[in-house]
There are 2 protein chains.
Amino acid sequence: MAARLDEMDRKILAALQEDASLSLDEIARRVSSSKTPVWNRIRRMKESGVILRTTALLDAEALGLEACFFVLVRTSEHDAGWQGKFLQVLQSRPEVLEAHRLAGDIDYILKVRVKNARAYDTFYQALISEVRIYNVTALLSMEEIKSTTILPLALAAD
Amino acid sequence: MAARLDEMDRKILAALQEDASLSLDEIARRVSSSKTPVWNRIRRMKESGVILRTTALLDAEALGLEACFFVLVRTSEHDAGWQGKFLQVLQSRPEVLEAHRLAGDIDYILKVRVKNARAYDTFYQALISEVRIYNVTALLSMEEIKSTTILPLALAAD
DNA sequence: GGTGAAAGAAATAGGTT
DNA sequence: AACCTATTTCTTTCACC
C-alpha cells in the first residue's frame with residue numbers, strides 16, 4: 001500500500017504540507033526542477049491518494065471553540081451492530097475531530113472540540129443516550145502545546 | 001479574542017476547510033456573492049489569524065507511517081525549567097503531531113505518528129532520556145475511525 | 001459591494017534528450 | 001519515461017465605479 005516516492009516527491013510534499021498555496025514555479029524552484037514535472041508528480045500523488053486534499057487550517061480559539069477534550073471510552077459490547085452504531089454517531093457529530101479504535105483496555109479515544117464545558121456535556125449526554133457505553137473518562141486540555149498536520153516524511157522513508 | 005464573523009464569513013470558511021483550492025469565483029457562487037467581497041473577507045481573516053495557513057493533507061498509511069500512539073504522560077516535576085525542556089523536546093520531534101497539557105491526574109497527552117512499534121520505542125527512549133517522566137502509558141491505535149481538521153463552525157456561533 | 005482589465009498561474013500539447 | 005518550451009485557459013489582484 002505504501003506508495004513509492006523518490007526524494008523529489010518528498011520535497012514537493014514537504015513544501016505542500018508547509019504551504020499548499022505555493023505556486024508551481026516556487027515549488028519547482030525549491031526542488032530544483034521546473035513546472036511540468038512538478039505538476040505531473042503532484043497530479044500523480046493526488047490520484048494515488050498520497051495527497052488527500054488541501055484545506056485551510058483555522059484557529060479554533062479565534063472561532064470561540066475554546067474547549068478541547070480527549071475522551072477515553074470503554075465498552076462492554078463488541079458486536080458489529082454496536083460498533084456500526086457507535087461509528088455512525090461519531091461520524092454524524094462534527095465536534096468529534098478524531099476517533100481511534102485502540103488496542104488494550106481502553107477501547108476508543110476521541111478528540112472533541114467544543115465551545116465550552118457545557119457544550120461538551122451536551123455532546124456526552126447525546127453520546128451515551130445513543131449507544132451503550134461502559135465507562136467514559138474525559139481529559140480536559142488546558143493548553144495545546146503543539147498541533148501540526150505535517151507528517152514526518154523523513155521518518156517515512158523506506 | 002474570538003473574532004466576530006457573520007454568516008458569509010462562516011460560509012467562506014466552511015468552503016475553504018472543505019477544499020482550499022476552490023477558485024474565488026466558485027466560492028463567491030456558493031456564498032451568493034462576487035469575487036471582490038469574498039477576496040477581502042479572506043484577506044481579513046488571514047490577517048486576523050482566523051485562517052492560520054493552507055496545507056495539503058497527506059495519507060500517513062500511504063507514506064508508510066503506519067503506527068499511531070496516544071501517549072499519556074505523568075510527571076512529578078512541575079517547575080518552569082522542566083516544563084520548558086519538555087516543550088522543547090516535543091517541538092523538536094516531528095513525530096509528535098499534537099501535545100496538550102491537561103487538567104487532572106494525567107499531565108500531558110501526545111499524539112505520535114511513526115512507521116512502526118520499533119520507531120515508537122526509539123522515540124520513547126529518546127523522550128525519557130531527555131526529560132524526567134514519572135509515568136507513561138501508550139495507547140496504540142488499531143484503526144483511525146475518524147480524522148478531520150474541519151472545525152464545527154455551526155457550533156462556534158455566538 | 002460590483003465590474004472588468006492587467007498580471008500571474010495552472011493546465012496541457014508538442015517536441016527533445 | 002521523464003523533462004522542457006510554448007500556448008491556452010483560468011484565477012487572482014486591484015483600480016475604478
TODO: State plainly whether the residues Glu26(B) and Arg29(B) are in salt-bridge range, i.e. N to O under 4.0 Å.
DONE: yes

TODO: To the nearest 0.5 angstrom, please state how far the CZ atom of Phe123(B) sits from the CG atom of Leu155(A).
DONE: 11.0 Å

Task: Out of dC4(D), dT12(D), dG1(C), whichever nucleotide has its closest atom nearest the side chain of Pro37(A) - done: dC4(D)

TODO: Write down the distance between CG (Asp6(A)) and C1' (dA1(D)), rounded to a whole number of angstrom.
DONE: 13 Å

Task: Nearest-angstrom distance from the residue atom CZ of Arg44(A) to P of dA11(C) - done: 15 Å

- [ ] Identify, between Asp25(B) and Ser33(A), the residue whose nearest nucleotide on DNA chain D lies closer to the 5' end.
- [x] Ser33(A)

- [ ] Give the rounded distance in Å between these two atoms: NZ of Lys35(B) and P of dT11(D).
- [x] 9 Å

TODO: Nearest whole angstrom, please: distance from the P of dA10(C) to the CD1 of Ile12(A).
DONE: 13 Å

TODO: Using a heavy-atom cut-off of under 4.0 Å over every strand shown, decide if Leu24(A) touches base, sugar-phosphate, or nothing.
DONE: sugar-phosphate

Open item on the list: In this structure, how many angstroms lie between the P atom of dT11(D) and the CD atom of Glu26(B), rounded?
Closed with: 9 Å

Task: Glu144(B)/Arg113(B) salt bridge by N-O under 4.0 Å criterion - done: yes

Task: Candidate nucleotides dT12(C), dG2(C), dT12(D), ranked by approach to the side chain of Trp39(B) - the nearest - done: dT12(D)

TODO: Please check the phosphate of dA2(D) (OP1 and OP2 only) for any side-chain N or O of Arg41(A) closer than 4.0 Å.
DONE: no

Task: Side-chain donor/acceptor contact of Thr36(A) with base of dT5(D) under 3.5 Å - done: yes

Task: Sugar-phosphate only, base, or nothing, as touched by Ser23(A) at under 4.0 Å among non-hydrogen atoms - done: sugar-phosphate

Task: Neighbour count above 12 (heavy atom, 6.0 Å) for Arg44(A) CZ - done: yes

Open item on the list: Between C1' on dC3(D) and CZ on Arg43(A), what's the gap in Å once rounded to a whole number?
Closed with: 14 Å

